[in-house]
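This report concerns only the one structure given below.
Counting convention: from 1, in listed order, for ligands and their atoms alike.
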Amino acid sequence: MKNDQPDSGRRRLLAGSAATIAAATLGREAAAQAAAPAAPAAKPALPGYVAWKNQDHMIVHTSTTIETKRSAFGTSIVTPSDRLYIRNNLPAPDASIVANRDAWQMAVEGVRQPRTLSVADLKGMGLETMATVLQCSGNGRGYFADKPSGTKWSVGAAGCVLWSGVPVRTVVAALGGLADGARFMTGTGGETLPAGIDPKTIMVERSVPVRTFEDALLAWEMNGDPLPHAHGGPLRLIVPGYSGVNNIKYIKRLAFTEQETEAAIQKTGYRMSPPGAKGDPSHPSVWEMDVKSWINGPAPEAGTVKAGWVQIQGVAMGGTRSLRRIDVSLDGGQSWQEARFVGPDLGRFAWRQFVLPVQLKPGQYMLASRAQDVQFNWQVEASPENGGGYLNSGWRSHAFPLTVA
Ligand SMILES: Nc1nc2c(c(=O)[nH]1)N[C@H]1C(S)=C(S)[C@@H](COP(=O)(O)O)O[C@H]1N2
Ligand SMILES: [Mo]
């Protein structure tokens with residue numbers, strides 16, 4: 001099984017004791033399969049814990065790495081929940097944790113009055129709704145020429161999601177403010193860890209710069225529904241503008257710390273190491289996302305359309321900044337035309353849909369897009385190759401060929 005994070009402990013867990021850990025999930029999956037009529041041998045089916053997703057719109061790499069098809073983002077802004085990608089570094093906790101959502105507890109440390117708060121407590125403290133791009137650090141890895149190990153995501157380990165919950169700054173203020181010396185915000189996932197493995201080698205615990213607490217959200221709702229278990233329900237940390245791994249699912253501890261966590265997923269995992277090299281603390285952490293865009297239509301998979309009027313359509317994100325411009329090329333980047341953003345701007349952490357209507361004659365085209373943020377930073381032509389295959393935002397590798405007949 002390929003993972004985002006080539007860490008031996010985690011691999012061992014998924015390969016070895018996964019049976020015990022995931023017994024509940026696999027049990028449900030097996031039951032669902034037994035009940036279903038025999039399907040013709042086809043693409044891998046959705047595992048039981050995400051059986052509610054739309055099979056037609058998903059690519060199942062493994063039971064813990066499932067991406068949205070390029071044709072399936074839709075032309076609205078928000079990615080429908082049943083098409084949103086899934087990525088688990090560890091088997092998810094048992095689904096019983098969403099039986100009584102309000103009872104889920106999270107410890108808050110590194111504030112003047114540390115406390116353990118339930119989701120019910122948090123719901124009483126504040127409410128905010130925001131849209132953010134949730135994007136796996138390894139999204140686009142499949143386009144790196146170096147072929148770094150890990151899931152070969154194309155564009156679909158990403159989505160634009162509406163979250164509702166309480167701002168972290170509201171919780172911090174209610175608990176007397178940050179303790180002195182806090183330099184990082186550290187979130188811990190609520191997975192049950194197996195005995196006999198050093199927790200640090202497998203736990204999902206991430207530290208991000210402390211200033212992110214000003215924008216961060218503790219979310220219990222996603223796209224208008226209670227946060228699905230598969231996406232981190234009952235409670236998830238959203239760090240806007242930061243790549244997927246920093247958005248801790250089923251969060252059980254939020255700590256403002258002087259040091260980064262010692263967990264392998266932080267120390268050696270998700271580091272921008274040189275190609276072929278393993279990560280270590282001297283390499284930059286995978287934190288903020290870059291300005292990026294890609295085209296989703298027409299026909300990103302079939303690659304053929306009829307001559308005539310065609311809407312070139314895609315999504316663009318600024319990472320941590322708003323966008324000012326989006327360009328489209330029909331000839332692989334030799335010439336560019338400005339396209340138009342569609343629909344309301346849901347804020348600097350959301351993505352925007354864009355469109356360019358063109359009249360196409362029969363022939364071969366190469367569709368590419370490049371976005372520019374409000375600080376005039378253009379999306380790069382090629383992102384630097386790196387050991388983990390992280391943060392690929394290069395417009396050239398995200399281009400695709402179109403035959404017009
Ligand atoms: N607790 C916990 N949080 C987690 C993970 C995990 O395995 N456990 N995976 C991270 C990674 S690598 C990504 S890309 C996103 C995936 O979120 P999704 O499955 O809701 O799409 O969650 C992040 N948060
Ligand atoms: Mo990820």
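- Here Asp102 pairs with Lys123 in a salt bridge; the nearest charged N to carboxylate O distance falls below 4.0 Å.
- Contacts of Ser369 classified as side chain to side chain donor-acceptor pair (under 3.5 Å), with partners at least two apart in sequence or in another chain: Ser293.
- Every N/O-N/O distance between Asn88 and ligand 1 stays at or above 3.5 Å.
- With atom 24 (N) of ligand 1 as the reference point, the heavy atom nearest to it among Ile251, Asn139, Asn247 is part of Asn247.
- On a distance-only criterion, Asn89 and ligand 1 share at least one N/O pair closer than 3.5 Å.
- Thr129 and Trp163 share no side-chain donor-acceptor pair at under 3.5 Å.
- Less than 6.0 angstrom separates the ring centroid of His398 from the ring centroid of Tyr143.
- Residue contacts with ligand 1, taken as heavy atom pairs separated by less than 4.0 Å, do not involve Gln135 at all.
- Heavy-atom distances between Arg236 and ligand 1 reach below 4.0 Å in at least one pair.
- Side-chain atoms of Asn88 and Ile86, non-hydrogen and from C-beta on, do get closer than 4.5 Å to each other.
- At a heavy-atom distance under 4.0 Å, atoms from both the backbone and the side chain of Val245 approach ligand 1.
- When each atom of ligand 1 is checked for a heavy atom of Cys136 under 4.0 Å away, the hits are 14 (S).
- The backbone N or O of Val239 lies less than 3.5 Å from a partner atom in the side chain of Asn247, making a donor-acceptor pair.
- Residue contacts with ligand 1 include Leu90, since one or more of its heavy atoms lies under 4.0 Å from the ligand.
- In terms of N/O distances under 3.5 Å, ligand 1 is approached by Lys249.
- Close approach to His231 involves these atoms of ligand 1, each under 4.0 Å from a residue heavy atom: 18 (P), 20 (O), 21 (O).
- Within ligand 1, the atoms closer than 4.0 Å to a non-hydrogen atom of Leu134 are 17 (O), 20 (O), 21 (O), numbered from 1 in the order shown.
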Glu67/Ser154 under side chain to side chain donor-acceptor pair (under 3.5 Å): CA gap, chis, key distance, verdict: CA-CA 8 Å; Glu67 79 170 287; Ser154 54; 3.1 Å; yes
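- Remark: side-chain polar atoms of Tyr49 are paired, donor with acceptor, to backbone N or O of Ser63 under 3.5 angstrom.
- Those atoms of ligand 1 that come under 4.0 Å of a heavy atom in Tyr270, given as number and element, are 12 (S).
- Figure legend: cation-pi geometry between Arg236 and Trp220 absent, as NZ or CZ is not positioned both under 6.0 Å from the six-membered ring centre and within 45° of its axis.
- Listed by number with element, the atoms of ligand 1 under 4.0 angstrom from any heavy atom of Gly189 are 1 (N).
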